[in-house]
Amino acid sequence: MKTATTKRRITKTATMRAVVGAAALVLSVATLTGCSNGAGNGGGGGGGTGDASKAKIGLLLPDSVTARYASADKPLFTAEVKSKCPGCSVVYANADGDASKQLQQAQSMLTQGVKVLVLDPFDGEAAASIVQQAKQKNVPVISYDRLIDSADLSYYISFDNEKVGELQGTALVAALKAKNVAEGSGIIMVNGSPTDNNASQFKAGAHKVIDASGYKVLAEYDTPGWDPAKAQDWAAGQISKLGADKITGVYAANDDTGGGVIAALKSAGVKKLPPVTGQDASLAGIQRILSGEQYMTVYKAFKPEASQAADLAIQLAQGKKPAADTTVKTAGGASIKSFLLDPVAVTTANIESTVIKDGLYTASQVCTSEYASACSSNGIK
Ligand code: BGC
């Protein structure tokens, strides 16, 4: 049953990649044409009106405590828009973990006349009112990475997020088994933000695997705003309460919160760290994997995600509504046209063949003097 589901997902993704590739090709031609002849009907308002070759596209990201937004999403998205529509511009804002700030940022973008909003919501329920206000101005909204609970979304682009959690849980259980940690010993779980729909999917995927493993969950925590400092404080409290030696594994939902837990364990004097999971393949996370402080991360290729969002935003600005690969249901039951990419688990064994090969980082970015010997023993050069 599970295998069938997994297979179906993989097939979907493979088909989707082919579709994306073809769509990207058609799009770049269409965009170039649009740009050279200055096509457009000169009106104001949202997608499909005005001069699409000079469209303003709003990009709203959720927090500043997670490495990926500044290091990957913002620069990748901006570069993709520039290359596919040189006359277009990106208006950017980060909500800094504050839903009302994100609402104001979106309102200001709508006032500035953006043609499309690409919105990664801090709070997936609260952001429905942004979608509502955008709709009134005829501005389509793409739900970026996190799903917004609104029937009025144009598209949703993300990864298979339950699979992310399954990959984390599977790697953690395998690491515990490899260390011969007795069944019945304990895991602490540091989940993501309660306002993020992805976080509940990561958690569900991880629980599915951990709950069936025989390893016990001693305690778990939903980290407000994915704040690494809060994850660290909570973990420090659990270490004093349970005793560091009782914590034989750590599920951390991403690299930044995992880094917080590792800091708490180290400051409690723990020398042999338990296996700790992560997500995002952040530079710090990859380096901790090399030094042995973190066991694994999940690599989600940000470039295809940002590029797909940029393609769709430009097409929506031109009044087009391209076909999607699949549909995803919101909590409220609406079907949203979606693209879901495939996540990959990363340990020392495949850093080279994933994040280095894909050019997320160069070997010299990763292999600074502290990590040079770990790099060479893991074939990273
Ligand atoms: C994203 C993760 C990210 C987390 C914290 C999630 O919605 O999918 O990649 O680490 O938010 O911002």
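In listed order, ligands and their atoms are each counted from 1. Residues take their numbers from the sequence shown, with the count starting at 1.
From the protein, the heavy atom lying nearest to atom 11 (O) of ligand 1 is Arg146 NH2, 2.9 Å. Closest to atom 1 (C) of ligand 1, if we only count protein heavy atoms, is Asp145 OD2, 3.2 Å. Protein heavy atom at the shortest distance from atom 10 (O) of ligand 1 is Asp280 OD2, 2.6 Å. In terms of protein heavy-atom proximity, atom 4 (C) of ligand 1 is nearest to Trp226 CE2, 3.5 Å.
The atoms of ligand 1 that sit less than 4.0 Å from any heavy atom of Asp196 are 6 (C), 7 (O), 11 (O). Annotation for ligand 1: atoms under 4.0 Å from non-hydrogen atoms of Lys300 are 1 (C), 2 (C), 8 (O), 9 (O). Those atoms of ligand 1 that come under 4.0 Å of a heavy atom in Arg68, given as number and element, are 1 (C), 2 (C), 8 (O), 9 (O).
A side-chain donor-acceptor contact under 3.5 Å links Glu220 and Asn191. Inspection of the Tyr251 and Gln168 side chains reveals an N or O donor paired with an N or O acceptor under 3.5 Å. Side-chain contact check for Gln112 and Lys56: no donor-acceptor pair (N or O, by modelled atom type) lies under 3.5 Å.
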Using side-chain hydrogen bond (donor to acceptor under 3.5 Å, both in side chains), reason through Tyr156 and Asp145 one step at a time and then give a plain yes or no.
CA-CA 7 Å; Tyr156 170 52; Asp145 197 69; over 6 Å; no

Assess whether side-chain hydrogen bond (donor to acceptor under 3.5 Å, both in side chains) is satisfied between Asp256 and Thr66, documenting all intermediate values.
CA-CA 6 Å; Asp256 306 276; Thr66 306; 4.5 Å; no

Tyr299 and Asp358: CA distance, side-chain angles, deciding distance, side-chain hydrogen bond (donor to acceptor under 3.5 Å, both in side chains) verdict:
CA-CA 11 Å; Tyr299 172 46; Asp358 270 15; 2.7 Å; yes

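Contact annotation for Phe202 and ligand 1: only side-chain heavy atoms (C-beta onward) come within less than 4.0 Å of the ligand. At a 4.0 Å heavy-atom cut-off, ligand 1 touches Asp63 through the side chain alone. Only side-chain heavy atoms of Tyr69 come within less than 4.0 Å of ligand 1; its backbone N, CA, C and O stay farther off.
With respect to the salt-bridge test (charged N to carboxylate O, under 4.0 angstrom), the residues Asp325 and Lys337 do not qualify.
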